[in-house]
Asker: 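Got a structure for you, questions after.
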Amino acid sequence: MDTPITGRSIIISSGRCGSTLLSDLIAEEPDTLSAQEFFMSVAPWARSAEVITGAEYWDVLSSPKAELSTLFRIGLPPKELHYPSTGRWGDRMTELPRILAITLSKVSDDPDALFDELARRVPDFPEQSVARHHQDFLDLLAVLTGKKRWVERSGGSSHVAPYLLRGFPEAKIVYLTRDWEPTAKSMSRHSSFQLIQLRVEFLGRCGLDPFRVQPGQEVPADMEQFLPHRLTADALRERGQDLRRYLGLCAFMAAQAEQALADEKPAHLLTMRYEELVADPVAELGRLGRFLDFDHPETWAEQVADRVVDPSRARQPVG
């Protein structure tokens, strides 16, 4: 697809390390689409090398995400959910198309109308790899929202860093990290990360993804309560009480991201630490803006820097 897109960038992080804040600040740059939670909403990543049609690709984008539907069912939707309660799916959120939950709702005051426009265009994409579909989709979303570049950011994208780096070899990569202990504490209070940790532990225990268990596959008796149709809000919250689980998740995600960065060696890489962003936001945001080729990076940095707050003095945990 021929587009006037001048820049494609991806923020890789464990999540709960300031990445949501960074996305919201990037959204203030007038020529940049800040695409939030897109890559972690599309699945399965095992199909990323497959060649599929535009219609098949749209079938995935417009379908509910099983993990999100589970969180809606038990009354623990993620804090980043931005879809309006008055929207078309407002009274049936377990059926909400995955790209409406956050991605489209963060870039449009009328996400349903934007969804309808994409529904007319995306099925006409040519038969191509899933990664190329992703790029064409983000390019199209940038064009439809009047932007000339895009920056995608998904919490927990360290988990899929190998696929991102292989699928987007020319993209600019921002690798954002934060000390593990505060990251783990924030994860332990967040339903999406409680669910991510549960899936990682489930895979480690019995080699099965709880969302992909097939008839006849045996699940340990003590893990059956965590299958999606049995999971309860209390059971998920209880898992947040053991910080060691989330320190382990931080280690797992960091290892995946750093190994992928070593193996794939992106052509354009910027590393950032959340602690340094908090200590000197103007300088760190200016460095980011220059890396992303913003037209006026220093001006943007100065305009948004006051929104970077030391979490030790803030009421809410950083995202």
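Quick note: numbers below take in every heavy atom, side chains included, and nothing from hydrogens, waters or symmetry partners.
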Asker: Whether R166 engages the ring of Y163 as a cation-pi pair (distance to the six-membered ring centre under 6.0 angstrom, angle to the ring normal within 45°) should be assessed.
Answerer: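 Yes, a cation-pi geometry.
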
Asker: Mark yes or no for whether T145, through its side chain, and L141, through its backbone, hold a donor-acceptor pair below 3.5 Å.
Answerer: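 Answer holds: yes.
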
Asker: Measuring only between side-chain heavy atoms, which start at C-beta, is L118 closer than 4.5 Å to L104?
Answerer: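 Answer yes - side chains close enough.
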
Asker: Is it true that F202 and M40 fall in one hydrophobic cluster, defined by side-chain heavy atoms closer than 4.5 Å?
Answerer: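 Hydrophobic grouping puts F202 apart from M40.
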
Asker: Taking side chain as C-beta onward, heavy atoms only, is S41 less than 4.5 Å from S154?
Answerer: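 Sidechains of S154 and S41: no contact.
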
Asker: Could you check R149, H296, K147 and say which one makes a side chain to side chain donor-acceptor pair (under 3.5 Å) with E29?
Answerer: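 Testing E29 for a side chain to side chain donor-acceptor pair (under 3.5 Å) against R149, H296, K147 leaves exactly one candidate, R149.
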
Asker: Is there a continuous path of hydrophobic side-chain contacts, each under 4.5 Å between heavy atoms, that joins L68 to I102?
Answerer: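 No, because L68 and I102 fall into different hydrophobic clusters, even though each may have its own neighbours under 4.5 Å.
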
Asker: What class does the angle between the rings of H133 and Y57 fall in, given that below 30° is parallel, 30 to 60° is tilted and above 60° is perpendicular?
Answerer: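 Because their plane-to-plane angle is under 30°, the rings of H133 and Y57 count as parallel.
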
Asker: Is the distance from the ring center of F39 to that of F168 below 6.0 Å?
Answerer: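 That pair passes the under 6.0 Å test.
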
Asker: Is a side-chain N or O of K265 found less than 3.5 angstrom from the main chain of A262, in a donor-acceptor match?
Answerer: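 Yes.
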
Asker: Does S69 offer a backbone N or O that forms a donor-acceptor pair with the side chain of T94 under 3.5 Å?
Answerer: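 Between the backbone of S69 and the side chain of T94 there is no qualifying donor-acceptor contact (under 3.5 Å).
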
Asker: Going through the distances and angles, do T271 and T177 end up as a side chain to side chain contact (heavy atoms under 4.5 Å, CB included)?
Answerer: CA-CA 8 Å; T271 58; T177 64; over 6 Å; no

Asker: Can you measure from SG (C250) to NZ (K185) and round to the nearest 0.5 angstrom?
Answerer: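 Atom-to-atom, C250:SG and K185:NZ are 12.0 Å apart.
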
Asker: Please tell me if the side chains of R88 and L100 come closer than 4.5 Å, counting only heavy atoms from C-beta onward.
Answerer: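 They are not in side-chain contact.
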
Asker: How long is the span from the CG atom in L269 to the CD1 atom in I12, to the nearest 0.5 Å?
Answerer: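 Rounded to the nearest 0.5 Å, the CG-CD1 separation comes to 8.5 Å.
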
Asker: Report yes or no: do L138 and F125 belong to one cluster of Ile/Leu/Val/Met/Phe/Trp/Tyr joined by side chain heavy-atom distances under 4.5 Å?
Answerer: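 Linked within one cluster.
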
Asker: Got V308 and L285 here, is their nearest side-chain heavy-atom distance under 4.5 Å?
Answerer: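 Answer yes - side chains close enough.
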
Asker: Just do the ring pair (Phe, Tyr, Trp, His ring centres under 6.0 Å) check on F291 and H268 with the steps written out, would you?
Answerer: CA-CA 9 Å; F291 179 73; H268 311 282; 7.3 Å; no

Asker: Does W89 belong to the same Ile/Leu/Val/Met/Phe/Trp/Tyr cluster as L71, with side-chain heavy atoms less than 4.5 Å apart forming each link?
Answerer: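 W89 and L71: separate clusters.
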
Asker: Should L277 and L288 count as side-chain neighbours, where that means a heavy-atom distance under 4.5 Å?
Answerer: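 With C-beta onward as the side chain, the pair stays apart.
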
Asker: Would you call E28-R307 a salt bridge at under 4.0 Å N-O?
Answerer: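 Salt bridge between E28 and R307, a charged N being under 4.0 Å from a carboxylate O: yes.
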
Asker: Would you confirm whether E275, through its side chain, and D179, through its main-chain N or O, come within 3.5 Å as a donor-acceptor pair?
Answerer: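 Flag set: sc E275 to bb D179 pair under 3.5 Å.
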
Asker: Between the main-chain N or O of R239 and the side-chain N or O of R245, is there a donor-acceptor pair closer than 3.5 Å?
Answerer: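 Flag set: sc R245 to bb R239 pair under 3.5 Å.
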
Asker: Is the side chain of S19 donor-acceptor paired with the backbone N or O of G15 at a distance under 3.5 Å, no angle test?
Answerer: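 Here the side-chain-to-backbone pair does not exist.
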
Asker: Decide, yes or no, whether a salt bridge links E170 with R8 under the criterion of side-chain N to carboxylate O below 4.0 Å.
Answerer: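 Salt bridge: no.
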
Asker: Using 4.0 Å as the upper bound for N to carboxylate O, is an ion pair formed by D136 and R132?
Answerer: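 Yes, this pair counts.
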
Asker: The test is side chain to side chain contact (heavy atoms under 4.5 Å, CB included); show your working for L231 and R73 and say whether it passes.
Answerer: CA-CA 9 Å; L231 186 66; R73 179 184 65 77; 4.1 Å; yes

Asker: Is L236 reachable from V219 through a run of hydrophobic residues whose side-chain heavy atoms are each under 4.5 Å from the next?
Answerer: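 Linked, V219 and L236 end up in one cluster.
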
Asker: Say whether, by atom type as modelled, one donor and one acceptor occur between the side chain of Q214 and the main chain of R212 under 3.5 angstrom.
Answerer: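 Between the backbone of R212 and the side chain of Q214 there is a qualifying donor-acceptor contact (under 3.5 Å).
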
Asker: Are T103 and V107 close enough that some pair of their side-chain heavy atoms sits under 4.5 Å apart?
Answerer: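 T103 vs V107: side chains apart.
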
Asker: Rounded to the nearest 0.5 Å, what separation is found between the CH2 atom of W300 and the CZ atom of R290?
Answerer: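 It is 10.5 Å, given to the nearest 0.5 Å.
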
Asker: Do H190 and P78 make a side-chain contact, defined as non-hydrogen atoms from C-beta onward lying under 4.5 Å apart?
Answerer: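 Yes, at least one pair of side-chain atoms sits under 4.5 Å.
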
Asker: Test V151 against every option in L22, I10, I26 by the side-chain contact (heavy atoms from CB on, under 4.5 Å) rule and name the one that passes.
Answerer: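 When side-chain contact (heavy atoms from CB on, under 4.5 Å) is applied between V151 and each of L22, I10, I26, only I26 qualifies.
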
Asker: Within the distance-only criterion (no hydrogens, no angle test), does the side chain of S13 pair as donor or acceptor with the backbone N or O of L176 below 3.5 angstrom?
Answerer: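 Looks like no, no N/O pair under 3.5 Å.
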
Asker: For the residue pair W180 and Y274, is the inter-centroid distance of their aromatic rings smaller than 6.0 Å?
Answerer: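 No.
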
Asker: Over 60° means perpendicular and under 30° means parallel, so tell me whether H134 and F38 are parallel, tilted or perpendicular.
Answerer: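 Because their plane-to-plane angle is over 60°, the rings of H134 and F38 count as perpendicular.
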
Asker: Working to the nearest 0.5 angstrom, can you tell me the gap between R287 CZ and E284 CD?
Answerer: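 Between atom CZ of R287 and atom CD of E284 there are 4.5 Å.
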
Asker: Can R16 be said to sit on top of Y246's aromatic six-ring, NZ or CZ under 6.0 Å from centre and within 45° of the ring axis?
Answerer: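 No, R16 does not sit over the ring of Y246.
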
Asker: With a 3.5 Å distance limit and no angle check, can you tell me whether R98 reaches the backbone of S63 through a side-chain donor-acceptor pair?
Answerer: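 Present.
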
Asker: Could you walk me through whether K172 and D293 pass side chain to side chain contact (heavy atoms under 4.5 Å, CB included), step by step?
Answerer: CA-CA 10 Å; K172 293 192 171 190; D293 290 328; 2.9 Å; yes

Asker: Using only atom types and a distance under 3.5 Å, with no angle test, would you say the side chain of S158 pairs donor to acceptor with the backbone of A254?
Answerer: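 Not at all, since once roles are kept as given, no pair shorter than 3.5 Å links the two residues.
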
Asker: Can you find a side-chain donor-acceptor pair between R230 and Q225 that sits under 3.5 Å?
Answerer: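 Result is no, nothing qualifies.
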
Asker: Start with the C-alpha gap between K148 and D295, add the side-chain angles, then the distance that decides, and say whether side chain to side chain contact (heavy atoms under 4.5 Å, CB included) holds.
Answerer: CA-CA 11 Å; K148 68 180 185 180; D295 292 338; 3.1 Å; yes

Asker: Out of curiosity, L249 CG to S14 OG, how far, rounded to the nearest 0.5 Å?
Answerer: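 Answer rounded to 0.5 Å: 8.0 Å.
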
